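A short worksheet on the structure shown next.
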Amino acid sequence: GAVVSQHPSRVICKSGTSVKIECRSLDFQATTMFWYRQFPKKSLMLMATSNEGSKATYEQGVEKDKFLINHASLTLSTLTVTSAHPEDSSFYICSASDRVGRGEKLFFGSGTQLSVL
Amino acid sequence: AQTVTQSQPEMSVQEAETVTLSCTYDTSENNYYLFWYKQPPSRQMILVIRQEAYKQQNATENRFSVNFQKAAKSFSLKISDSQLGDTAMYFCAFMTLNRDDKIIFGKGTRLHILP
């Protein structure tokens, strides 16, 4: 089945640094990928929709300059947390839609735990 | 805007029992998908079951089945013969079939299967 690979799984960084998270679709082309943020024991909050070859669409309240999204190819989307601060510490999950045929399904990466010191 | 509501924050049942998780949603769309996702302690999101809104027949996957009531906008998940490995957070989710196809999650139900 379709697989989405997300790296790194865990990152610890100092306040003020930038962190890049990668999300790859391994055996299908994903024109659209999604980035979610999840706080402990909470639901997934959609941050942005990443579209290949165009600008990402951000949800209301999500800072575009803080969370930079790049979707340069049909298999790779990246989320960069710029000038990270402790309040950015969270679990970030990407997902991609396999829209081949009529089998629309959403596959998730394994997530990235970001801890900003 | 679409919303998904899960009214049961937490539930506990004995192993081998049957449990039903509730989910309601609100939308003006006619064509959409509904999902139940499981998130175990590993935090990997796992698709449990999927229902297309245009299908009247309730989806079934082994011990998992849904009761889809389109008019009532209700989409409950029934887990039969529950197992210890079913312990997890369960999220009900909604996806429209428009260009963006973004998925909206409910707040989740934490399910504990007791030995």
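Every value quoted in this text rests on a predicted model; they were computed, and no experiment measured them. All values below come from the heavy atoms of this structure, side chains included, with hydrogens, waters and symmetry mates left out. Residue numbering restarts at 1 for every chain, and letters A, B, ... go by the order of the sequence lines.
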Subject >> Enclosure of Glu87(A) CD (heavy-atom neighbours >12, cutoff 6.0 Å) >> reply: yes

**OP:** Kindly give the heavy-atom pair with the smallest separation between Ser43(A) and Phe105(B), and that separation in Å.
**Re:** OG-CB, 3.5 Å

Original post:
In terms of hydrophobic clusters joined by side-chain contacts under 4.5 Å, are Phe28(A) and Met33(A) together?
Top reply: no

Subject >> ILVMFWY cluster, Leu76(A) and Val81(A) together (side-chain gap under 4.5 Å) >> reply: no

Subject >> Arg10(A) CZ: over 12 foreign heavy atoms closer than 6.0 Å >> reply: no

Subject >> Side chain / backbone / both / neither for Gln39(B) at chain A, heavy atoms under 4.5 Å >> reply: side chain

Original post:
So which part of Gln6(A) gets closer than 4.5 Å to some heavy atom of chain B, the side chain, the backbone, both or neither?
Top reply: neither

**OP:** Select one option (side chain, backbone, both, neither) describing which atoms of Leu46(A) are under 4.5 Å from chain B's heavy atoms.
**Re:** side chain

**OP:** May I ask you to name which of Arg110(B), Gln44(B), Lys107(B), Met89(B) has the most heavy-atom pairs under 4.5 Å with chain A?
**Re:** Gln44(B)

**OP:** Could you please spell out the steps behind the side chain to side chain contact (heavy atoms under 4.5 Å, CB included) verdict for Phe34(A) and Ile103(B)?
**Re:** CA-CA 9 Å; Phe34(A) 303 90; Ile103(B) 191 168; 5.9 Å; no

**OP:** Please answer: with hydrophobic residues joined when any side-chain heavy atoms are less than 4.5 Å apart, are Phe108(A) and Met45(A) in the same cluster?
**Re:** no

**OP:** Identify whether Leu111(B) and Trp36(B) are in the same connected component of the hydrophobic contact network (ILVMFWY, side-chain heavy atoms under 4.5 Å).
**Re:** yes

**OP:** For the pair Gln113(A) and Arg43(B), evaluate side-chain hydrogen bond (donor to acceptor under 3.5 Å, both in side chains) and give the outcome as yes or no after the intermediate values.
**Re:** CA-CA 10 Å; Gln113(A) 179 63 53; Arg43(B) 294 194 287 186; 2.9 Å; yes

